[in-house]
There are 2 protein chains.
Amino acid sequence: MRLRFVLLWLSFISTAVLATEADMTERQIPVPIAVSDELKHAITQFGIPTVQQALDSTPTDKETWLALIHSVNTEQKKKVKKMRKQYNVNVEMMNINGVTVRKIVPATLSDKFKSKVYLDVHGGAYVFFAGLPSIEEGILIAHRLGIEVISVDYQMPPHAPSPAALNDVFSVYTALLETHGAHNMFVGGTSAGGGLVLGLMQRLVNENIATPVAIYAGTPWADLTKTGDSLYINEGVDRILITYDGVLKAAANLYANKIALNHSSVSPLYGNFEGFPPTFLLSGTRDMFLSDTVRVNRKLREVGVPTQLEVFEGISHAEYLVAYETPESVAAYAELGAFFSKW
Amino acid sequence: MRLRFVLLWLSFISTAVLATEADMTERQIPVPIAVSDELKHAITQFGIPTVQQALDSTPTDKETWLALIHSVNTEQKKKVKKMRKQYNVNVEMMNINGVTVRKIVPATLSDKFKSKVYLDVHGGAYVFFAGLPSIEEGILIAHRLGIEVISVDYQMPPHAPSPAALNDVFSVYTALLETHGAHNMFVGGTSAGGGLVLGLMQRLVNENIATPVAIYAGTPWADLTKTGDSLYINEGVDRILITYDGVLKAAANLYANKIALNHSSVSPLYGNFEGFPPTFLLSGTRDMFLSDTVRVNRKLREVGVPTQLEVFEGISHAEYLVAYETPESVAAYAELGAFFSKW
């Protein structure tokens with residue numbers, strides 16, 4: 001078969017034997033060139049851990065999990081307090097249907113979202129960001145879209161594995177349905193939050209409950225298995241996730257508990273996407289969940305659901321949220337707001 | 001700054017010094033798991049050349065360029081003849097405004113595209129696929145969309161560098177404008193063809209000439225410089241392009257001739273995107289031009305142009321065209337047809 005080499009423009013090596021796996025030699029990927037100065041600064045100031053460094057930080061038992069969770073949440077709390085002050089949002093803790101939520105009201109409500117509510121489902125690999133840390137993206141969305149946000153402080157492992165989180169989100173959704181009506185509701189989240197949003201929609205469709213106007217799934221963790229192409233390609237490049245084989249894999253097992261990782265109740269990618277409302281999807285060229293994001297996009301389009309897929313240059317997993325003061329982050333949420341106001 | 005490590009869930013390594021470049025250790029990227037069996041088969045049957053094998057096949061002078069071009073075109077001609085027969089399209093060679101074109105009429109015209117014409121601008125790194133090989137994608141689009149196609153056999157280096165190709169495409173476009181009217185026209189192409197389509201739109205807007213109903217830019221080579229993040233990340237993973245530093249860089253210099261690689265007349269990414277018609281963009285997770293594709297998408301959205309971005313799991317550069325008998329390829333052109341019929 002000479003043709004195969006020619007298609008590669010490589011007719012000079014037609015006698016070579018080629019591998020079917022891509023051989024990656026040792027090399028360095030430079031800081032992305034075509035991104036904002038702010039993002040370049042965030043990346044260089046931060047640095048990128050190696051895969052080995054990430055593997056070495058993986059918890060191995062309940063005690064080390066709790067220590068890591070405590071440490072992560074303590075730092076995240078500082079960031080959230082800073083953001084709350086910076087954007088002057090009002091945060092009120094409430095209880096809805098037995099679930100702790102926080103109502104976030106921005107200084108200025110946008111005219112187009114005055115009667116609307118956004119149900120925020122936070123990320124954090126299904127283990128991090130309980131309590132005040134949960135409202136990181138809720139604050140951003142309240143402020144940037146000018147919309148009232150209800151952020152769910154759902155239960156998580158080690159003490160509450162699946163299906164506790166989804167049950168909590170479902171309880172809050174159905175309560176808001178009573179008070180606001182589906183035509184006034186949006187739902188969204190990033191990473192594990194995106195996965196829960198997709199899982200919630202599948203449950204709503206399954207139980208014949210009204211779906212919201214539109215949803216947002218930012219780089220959703222839609223597949224807990226190590227299947228997506230970008231989990232391999234962007235290993236060591238994605239500065240947020242770094243590798244699947246450390247914290248991610250351990251967190252997936254902790255969350256799924258006795259459920260198989262590829263069961264649709266924990267990996268909504270393997271479920272049904274019919275009946276979904278219009279969906280906004282967000283990822284980046286360095287995102288290890290790029291494959292999850294684009295596979296969800298294809299699943300939705302295959303059943304005729306309108307979507308908007310945005311992939312940002314040089315952006316790692318959820319970096320539009322981690323580095324929220326970059327023009328990339330501002331642009332991402334501007335697109336989200338425009339998408340929500342279309343429906 | 002402890003925060004930065006926590007954001008990475010890596011609080012255990014907070015004393016480590018991190019690099020700003022991503023360190024890639026030597027490793028193998030497996031054949032993508034979550035793709036069709038047909039695509040897996042195409043990849044494994046094919047194999048993936050190493051970067052070194054690709055570099056070794058780079059032409060170094062006019063003689064080796066002509067030899068490579070001849071070899072590539074000879075094989076591509078066989079594929080095109082097979083496709084022409086397989087899909088039973090009628091191909092007629094014509095001359096429009098002094099430019100060689102081929103009119104491709106499918107066995108069945110779709111009702112919605114009966115009065116329409118699709119101007120096809122072929123790919124091939126601005127050097128390959130002159131003559132009959134130019135109609136590869138034109139045949140697919142004629143057959144799958146059920147639309148009449150005019151495919152431009154534009155001039156190329158070594159004998160005709162930029163702006164010959166764009167001038168030829170422009171000449172054919174303006175002629176079709178007279179006979180068909182802008183409201184009946186679509187324009188599209190893959191790779192270098194996608195770059196030329198974007199360049200054509202910039203020229204039309206600049207000269208106040210009517211733009212078509214909608215356009216298609218498949219994994220467009222919109223930036224001839226080595227700037228896009230995915231040129232680095234997907235080096236050695238993208239089985240079609242393999243590396244920028246071989247044939248691509250040499251072809252870019254051959255085509256640009258005396259023009260700087262980042263000048264908008266050869267790299268439309270650096271030009272103006274205002275006034276563009278709705279644009280359909282296509283790429284994959286292994287595509288070295290993923291960054292070009294998503295950067296064009298962002299440029300268009302920033303100025304309010306409606307776009308649809310589709311990124312396919314496990315797809316290398318233009319693999320939807322190279323491996324045209326995969327479900328991924330069928331789905332890609334189905335989306336294109338649906339997009340065109342919306343406007």
Side-chain angles (χ1 to χ4, degrees), chain A residues 2-4 6-13 16 18-34 43-44 46-50 53-54 56-57 68 71-72 75-76 79 128 227-230 232-233 236-237 240 247 285-286 290-291 294-295 301 309 311 313-314 322 335, chain B residues 2-4 6-13 16 18-34 43-44 46-50 53-54 56-57 68 71-72 75-76 79 227-230 232-234 236-237 240 247 285-286 290-291 294-295 301 309 311 313-314 322 335:
Chain A
R2 252 185 81 75
L3 178 64
R4 61 201 189 112
V6 166
L7 292 173
L8 296 168
W9 314 336
L10 291 176
S11 36
F12 291 174
I13 58 159
L18 302 184
T20 59
E21 303 204 323
D23 271 314
M24 306 289 287
T25 51
E26 191 173 344
R27 60 195 163 92
Q28 294 203 308
I29 311 288
V31 174
I33 300 161
I43 297 171
T44 50
F46 221 91
I48 304 176
T50 64
Q53 285 173 318
D56 292 345
S57 75
L68 177 61
S71 169
V72 167
E75 292 299 326
Q76 179 78 351
K79 183 185 183 190
F128 300 119
T227 298
D229 200 32
S230 59
Y232 297 88
I233 295 173
V237 178
I240 310 295
V247 170
T285 58
R286 302 195 153 200
L290 173 64
S291 285
V294 305
R295 288 186 296 160
R301 291 206 158 266
L309 170 66
V311 180
E313 171 77 348
V322 173
E335 289 290 350
Chain B
R2 252 185 82 77
L3 179 64
R4 62 202 188 110
V6 166
L7 292 172
L8 296 168
W9 313 335
L10 292 176
S11 37
F12 290 175
I13 58 158
L18 303 182
T20 58
E21 305 205 323
D23 270 313
M24 306 290 287
T25 51
E26 192 173 343
R27 60 194 162 91
Q28 294 201 310
I29 310 288
V31 174
I33 301 162
I43 296 171
T44 50
F46 220 91
I48 304 177
T50 64
Q53 284 173 319
D56 292 345
S57 76
L68 177 61
S71 169
V72 167
E75 293 298 327
Q76 178 78 351
K79 183 185 181 189
T227 299
D229 199 33
S230 60
Y232 297 88
I233 295 172
N234 283 333
V237 178
I240 311 294
V247 170
T285 58
R286 300 195 156 201
L290 173 63
S291 286
V294 305
R295 287 187 295 160
R301 290 204 159 268
L309 170 66
V311 179
E313 172 76 350
V322 173
E335 289 289 351

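Throughout, protein chains are lettered first and strands after them, A, B, ... in sequence-line order, and every chain is numbered starting at 1. Note: hydrogens, waters and symmetry copies are ignored here, and every other heavy atom, side chains too, is used. Worth saying up front: this structure is predicted, and the values here are computed from it rather than measured.
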Closest non-hydrogen contact found for B:I233 with A:R286 is CD1-CG, 3.9 Å
Side chain to side chain contact (heavy atoms under 4.5 Å, CB included) filter on A:S230, not counting sequence neighbours, yields A:N234, A:L290, A:S291
Looking at chain B, which one of A:G236, A:P30, A:A34 has the largest number of heavy-atom pairs inside 4.5 Å, strictly under? A:P30
How far does CG of B:D229 sit from OG1 of A:T285, to the nearest 0.5 angstrom? 4.0 Å
Is there a side-chain contact between A:Y232 and B:V237, using heavy atoms and a 4.5 Å cut-off? no
